[in-house]
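This report concerns only the one structure given below.
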Amino acid sequence: MASWVAVLSVVWVSIVIAWAWRVLNWVWLRPKKLERYLREQGFTGNSYRLLFGDTKDSSMMLRQVQSKPMKLSTSHDIAPRVMPFVHQTVNTYGMNSFVWVGPIPKVNIMNPEDLKEIFNKHENIQRTVANPIIDLLVQGLGSTVDEKWAKHRKIINPAFHLEKLKGMLPTFYQSCSEMINEWERLVSKEGSCELDVWPCLLNMSADVISRAAFGSSYQEGRKIFQLLQQQTKNYAAAIQSVHIPFLPTKHNKRMKEINKEIRVLLRGIINKREEAIKMGEASNHDLLGILLESNLKEIREHGNKRNTGMSVEDVIEECKLFYFAGQETTSTLLVWAIVLLSQNQNWQARAREEVLQAFGSNPPTFDALSQLKVVTMVLLEVLRLYPPGIELPRTLRRKTQLGKFSLPAGIDVSLHILLVHHNKELWGEDADEFKPERFSEGVSKATRNQFAFFPFGAGPRICIGQNFAMLEAKLALSLILQHFTFDLSPSYAHAPALLTILQPQYGAHIILSKR
Ligand code: HEM
């Protein structure tokens, strides 16, 4: 008996020591080792502070700068408000610097050559999973890697080809005109009205993605997206509190119910569609139909082997991802375009003139939208100054050589879209100013062939929906310009902030007038 107790004690003590060692390694030894390594390579940053690193300073600074709006001027130097800590770090330590996210050092990457290399070495470098709880909300293309990613991307790609998007234009138009009709109703009495356009744009792009993804099953699709919206709020609340997913709390039960409801609805739509396609019926030219057809083609070509094509579960996740990846991003582009065109009335007039010349008062066609030059320049400049995603987080899966630096596996890097887009060395002294003319001869001339503009990411994992987003934005902006003139309301407060993406913290209050 005594010997059993001794053995158990030894096992117990070994377990405690092993855990203590792991904790010590995680909170102190590993961070200090990585810090030494980074400094030897020539990177600089604050010294590591136990467990929290720079997190406390960073959150305090963010709370402080975001407690009041910023002055709206011709300079759109928004980084000090949107990412004050990183901005300060780069100013203090230079481009080759790092910040501490808790015990993890995150290396800032802003050099065009290094950025290009990272995007191209995507097998070595994967997206950082910031909080595993997000996987419960959505998975799909954005979070898959290796063969699974390649297979999914190949199957989904055709859904975003230009000729498919052309077929979706009438659906885009329907959603945009509903918003325009609503705005017309609001201005009809007085000839003008004050309106916060931000929720309207969010609603419109949710509508666009519901119709584009589900076509004839739009009503069910809209219901799914409403549930996803609700679920996003639930998850946001969960991660802000101490949340234990498996406890049978009221909140957890509701989240499980919503998940189940979403899956049942999606599975219903998918099964119906698969049957229709097998019966040779048209797929309605929506994302789901094209994706299922492409999937069936893949299975036909490679036989019904295991791992061929996508499962219903995979399709469910991809549909959810379309909603998350496509809704807020496009409405963000549109909201900043409206703010900047309100501030720059000369560009608003130029863009309107182009739109009226191209379509008069008729509905825009796909070909005419593709030829809009001024509107495109304006949208590119908006994406440069106010990119919806301000940074792309990556984790190195293997030891990676980056120019003169060698970085160890497991390290996090941050690809700074916003800082690169505002870099004066790359864009000139007027980098913070709204000057769409810099894109008059296309992106490569504007960037002087440097890798300095990547609002949609780059390399093999570039945004699959970029043409979709640009088409939707061009159409919506053209319709708005066709029907209204707009100005900033005196109650507008300029407050770009990173919520999930770069959004107007207090909305976008505009005076809208009938043209
Ligand atoms: C202005 C609008 C948009 C912007 C600025 C944008 C931006 C981006 C960026 C920066 C990435 C790369 C992320 C990374 O490398 O970590 C990305 C990926 C992605 N985007 Fe978009 N996006 C937009 C609209 C859309 C739309 C409308 C859809 C779909 C309907 C979409 C679907 C996706 C998907 C599925 C990925 C993952 C691609 C992959 O990993 O292969 N995006 N987007």
Side-chain angles (χ1 to χ4, degrees), residues 109 115 118-123 125-130 134 138-146 148-157 159-161 164-165 168 171-172 175 201-202 204-214 221 225 286-288 290-291 314 317-337 376 379-380 382-395 412-418 420-421 453-477 500-503:
I109 307 280
L115 288 164
I118 290 188
F119 279 118
N120 289 328
K121 286 180 179 164
H122 77 109
E123 292 94 350
I125 303 164
Q126 70 181 34
R127 290 197 180 114
T128 308
V129 182
I134 193 74
V138 63
Q139 291 175 16
L141 199 60
S143 50
T144 48
V145 290
D146 301 331
K148 186 169 177 190
W149 168 78
K151 180 176 79 177
H152 283 207
R153 180 101 193 190
K154 182 174 164 224
I155 294 170
I156 300 169
N157 262 337
F160 290 93
H161 281 170
K164 300 289 185 195
L165 294 179
M168 289 178 208
T171 18
F172 286 19
S175 307
L201 294 169
L202 275 173
M204 184 210 73
S205 53
D207 210 68
V208 166
I209 195 85
S210 308
R211 284 185 208 275
F214 297 117
F225 287 148
D286 54 35
L287 290 177
L288 177 65
I290 302 164
L291 195 153
D314 290 338
E317 287 309 320
E318 297 304 346
C319 290
K320 280 159 67 182
L321 179 62
F322 291 154
Y323 165 79
F324 283 108
Q327 192 223 349
E328 285 195 345
T329 43
T330 317
S331 21
T332 303
L333 166 59
L334 278 165
V335 82
W336 294 120
T376 307
L379 290 173
L380 292 175
V382 173
L383 284 169
R384 185 182 73 80
L385 289 171
Y386 292 82
I390 62 166
E391 63 154 329
L392 302 174
R394 294 285 192 270
T395 300
D412 283 359
V413 297
S414 197
L415 316 181
H416 285 295
I417 303 183
L418 182 69
V420 173
H421 283 190
F453 184 68
F454 53 110
F456 294 101
R461 296 200 74 142
I462 194 167
C463 174
I464 205 169
Q466 64 170 315
N467 291 329
F468 181 113
M470 286 304 276
L471 182 64
E472 179 185 339
K474 278 185 201 173
L475 175 68
L477 193 56
T500 39
I501 47 176
L502 187 58
Q503 296 172 8

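Atoms within each ligand, like the ligands themselves, are counted from 1 in listed order. This structure is a prediction, so every number in the text was calculated from the model and none was measured.
Considering backbone and side-chain N/O of R153, one or more are found under 3.5 Å from N/O of ligand 1. Considering backbone and side-chain atoms alike, R127 places an N or O below 3.5 Å from some N or O of ligand 1.
Protein heavy atom nearest atom 26 (C) of ligand 1, with residue, atom name and distance: G326 CA, 3.4 Å. Among all non-hydrogen protein atoms, the one lying nearest atom 18 (C) of ligand 1 is C463 CA, 3.5 Å. Of the protein's non-hydrogen atoms, the one nearest atom 25 (C) of ligand 1 is A325 O, 3.4 Å. Annotation: atom 15 (O) of ligand 1 to nearest protein heavy atom, R394 NH2, 2.6 Å. If you check which protein heavy atom lies closest to atom 34 (C) of ligand 1, you get I464 CG2, 3.8 Å. Looking only at heavy atoms of the protein, atom 6 (C) of ligand 1 is closest to F456 CD2, 3.6 Å.
Residue-level proximity to ligand 1 for L321 is carried by the side chain, the only part with a heavy atom below 4.0 angstrom. Contact annotation for F454 and ligand 1: no heavy atom of the residue comes within less than 4.0 Å of the ligand. Residue contacts with ligand 1 for T329 involve both N, CA, C or O and side-chain atoms from C-beta outward (heavy atoms, distance under 4.0 Å). When non-hydrogen atoms are compared, ligand 1 lies under 4.0 Å from the side chain of I209 (C-beta onward) but not from its backbone. Residue contacts with ligand 1 for Q466 are absent, since no atom lies close enough (heavy atoms, distance under 4.0 Å).
Counting atoms of ligand 1 from 1 in the listed order, those under 4.0 Å from a heavy atom of P455 are 5 (C), 7 (C), 10 (C). Of all atoms in ligand 1, numbered sequentially from 1 with element shown, those under 4.0 Å from a heavy atom of P388 are 5 (C). Per-residue contacts place A469 under 4.0 angstrom from the following atoms of ligand 1 (heavy atoms of the residue considered): 1 (C), 2 (C), 24 (C). Near W149, meaning under 4.0 Å from one of its heavy atoms, ligand 1 places the atoms 39 (C), 40 (O), 41 (O). The contact set between ligand 1 and L392, taken as ligand atoms under 4.0 Å from a residue heavy atom, comprises 10 (C), 13 (C), 14 (C), 15 (O), 16 (O). Using a 4.0 Å cut-off to heavy atoms of F468, the atoms of ligand 1 that qualify are 27 (C). The contact set between ligand 1 and F160, taken as ligand atoms under 4.0 Å from a residue heavy atom, comprises 29 (C), 30 (C).
From T128, atom OG1 reaches atom CG of D412 across 4.5 Å, with rounding to the nearest 0.5 Å. Note that CZ of R153 and CZ of R461 are 8.0 Å apart. Values are rounded to the nearest 0.5 Å. Annotation: the span from L385 atom CG to W336 atom CH2 amounts to 11.0 Å, rounded to 0.5 Å. Between atom OG1 of residue T330 and atom CD1 of residue I209 there is a gap of 7.0 Å, rounded to the nearest 0.5 Å. Here NE2 of H161 is found 10.0 Å from CD1 of I290. Values are rounded to the nearest 0.5 Å. Taken from OG1 in T329 to CG in L502, the straight-line distance is 12.5 Å, to the nearest 0.5 Å.
In this structure, the side chains of F456 and L383 come closer than 4.5 Å at one or more pairs of heavy atoms.
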Which is it for F214 and F322 under the ring-ring contact (aromatic ring centres under 6.0 Å, His included) test, yes or no, and what are the steps along the way? CA-CA 11 Å; F214 297 117; F322 291 154; 8.6 Å; no

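Assignment of E472 to the shell around ligand 1 is not supported, since no heavy atom sits closer than 4.0 Å.
Judged purely by atom type and a 3.5 angstrom limit, H421 uses its side chain to pair as donor or acceptor with the backbone of F454. Using a distance-only test at 3.5 Å, with no hydrogens or angles considered, no donor-acceptor pair links the side chain of E472 to the main chain of F172. With Q327 contributing its side chain and L202 its backbone, the two residues share a donor-acceptor pair below 3.5 Å.
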